[in-house]
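The block underneath contains the structure these notes are about, expressed in structure tokens.
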Amino acid sequence: MALENKRPTITINEQLLNKKISVKTILNIFNDHSTMTEEQMLLKLNEVISKKIKQDKVNSRKKPLIDKNTLFPQIALEFKEFFSRRGYAPSTLDTHMRNLRQFVSFLNYSYANYGSFNTILELHRLTKIMIVSFEEFLIEKLNTEQIQGSTVYRYLSTVKLLLQMLHEKSISTIHYVIPEALRKQGKRSNDYIETEQINTLIESVVKSNSQVKFRDMCVILLTMEIGCRPIEITNLKIDDLIITERRIRIHSRKSGTRTLKISKDLSQLLKRYLEIRDSLQITNTNMFINSFGEPITTNGIRSIFERANKKAFNERRFNPKALRHTYATNALDNENDFDEVSASMGHLHRCSTEWYIHRSVQRMLRRALPHNPLNQIMNGE
DNA sequence: GTTCGGCCGTATAGTAAAAT
DNA sequence: ATTTTACTATACGGCCGAAC
């Protein structure tokens, strides 16, 4: 390490060329330069750099989570086994399994003296009375405002499906119809977010020092600009972005596939994000990844929004869906072609889009996205 | 034929807790 | 302290048949 006659030199790791280190960090290193030798400075710099590189490495998950299957009663697993052959989406099967867990534990609790209900074969002891008492149990929860009507309906739908299966397997002959009064749909909400609020949210992300800052910005701005769903963001593959044409192809089971135009600024931001992503060793082709290098999930998207909200407003003010609603309202308000808006929202039917027209006319008149918040960010940097 | 509404599969939201 | 998962609850929307 002797420097002697030579000028001090430093070998920069190739990886470093792609890393960004803030000016402030560098300045901090040389803060007390008066007391440091050149050699010490270089050592210190190297130290900071290697720390930074280490930091940017993708973490790996330590150990697998608890086997999900152990969380569900045997009946739910058998249910899944039976129905997964019918092409149900994973989320649907999950929902039913969760609902079944409630039902099975209800049976085991309320009818303990009838013996246990563990496997579907044991469900031959299931009686209509038990189901009706489950209904009553749910109604009680409904009346005490623990759950909504639509949830009661969901639970009973699962029971109905279970009975279908039991019938097909000749385990039970109970024919069950959900009572009319218990078939409640959920209520639609419609949030509208003023532009300033969106700006505040985005600014808070821009200002943050988060390692996933660029990812988060891309996710929020994508939702804002094209009104896509969280699930559609999780489904995005790298190939879905056609950067030269500034087009992005989004897909979900619910809405199918559609291709949308994005702004110049957003495409630049995405490009920048993808550069960062490229510098990590990622084995999948998903555009957005979590800190483990795995494809991001809808939970991940939600937490991006929650974090940003908390930072910006100190409370949860709006969610991805609200941005989606805002997008639809703005798009319609700016006198875009109705069918175009409908298509860009991924609505297959006009009625889905029409719903947004019935919003407060006053508010619709008041605001119209005066500018793209991205302009400020890109110019400001 | 268009519109309305039910059905039901599937997505999102809120919260707590775990993992780093 | 931050970021993610797990769980429960609930909203959204495609599809289709009945009512207009």
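Worth knowing before you read on, the calculation uses all heavy atoms, side chains too, and leaves out hydrogens, waters and symmetry mates. So you know, we letter chains A, B, ... as the sequences are listed, proteins then strands, and number each from 1.
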Bending between helix ends of the helix from B/dG1-C/dC20 to B/dT20-C/dA1 [5 pairs per end, 10° resolution]: 30°
Report the relative orientation of the aromatic rings in A/Tyr111 and A/Phe106; use parallel for angles under 30°, tilted for 30 to 60°, perpendicular for over 60°.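 Aromatic pair A/Tyr111/A/Phe106 classed perpendicular.
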Checking contacts here: which listed nucleotide ([options]) is nearest the side-chain heavy atoms of [X]?
X	options	answer
A/Lys141	C/dA9, C/dA11, B/dA13	C/dA9
A/Arg101	B/dA13, C/dC7, B/dC8	C/dC7
A/Tyr153	B/dA11, C/dA9, B/dC7	B/dC7
A/Ile231	C/dA9, B/dA11, C/dA11	B/dA11
A/Arg154	B/dC8, C/dA9, C/dG13	B/dC8
A/Arg229	B/dA13, C/dC12, C/dT10	C/dC12
A/Gln102	B/dT12, C/dT8, C/dT4	C/dT8
A/Ser150	C/dA11, B/dA11, B/dG9	C/dA11

Interatomic distance, [X] [atom1] vs [N] [atom2] [rounded to whole Å]:
X	N	atom1	atom2	result
A/Asp216	C/dT2	CG	C1'	12 Å
A/Ile304	C/dT3	CD1	C1'	10 Å
A/Glu232	C/dG13	CD	P	10 Å
A/Met97	C/dT8	CE	P	12 Å
A/Leu161	B/dT10	CG	P	11 Å
A/Leu182	B/dC8	CG	P	14 Å
A/His96	B/dA11	NE2	P	12 Å
A/Phe83	B/dT10	CZ	P	12 Å

Ignoring hydrogens and geometry beyond distance, is a side-chain donor-acceptor pair present between [X] and [Y] at under 3.5 Å?
X	Y	result
A/Asp265	A/Ser263	no
A/Glu78	A/Thr119	no
A/Glu135	A/Tyr176	yes
A/Thr127	A/Tyr114	no

With no hydrogens and no angle check, is any side-chain donor or acceptor of A/His96 less than 3.5 Å from a backbone partner on A/Leu93?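 A pair under 3.5 Å: no.
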Can you tell me if NZ on A/Lys264 sees more than 12 non-hydrogen neighbours from other groups inside 6.0 Å? no
So, does A/Arg324 get its side chain near the phosphate of C/dG13, meaning an N or O under 4.0 Å from OP1 or OP2?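 So the side chain of A/Arg324 is within the cut-off, an N or O lying under 4.0 Å from OP1 or OP2 of C/dG13.
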Please check the phosphate of B/dC7 (OP1 and OP2 only) for any side-chain N or O of A/Lys160 closer than 4.0 Å. no
What is the nucleic acid contact for A/Phe305, judged by heavy atoms within less than 4.0 Å: base, sugar-phosphate only, or nothing?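 No contact.
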Would you mind listing every ring-ring contact (aromatic ring centres under 6.0 Å, His included) that reaches into residues 220-243 of chain A, with sequence neighbours excluded? none
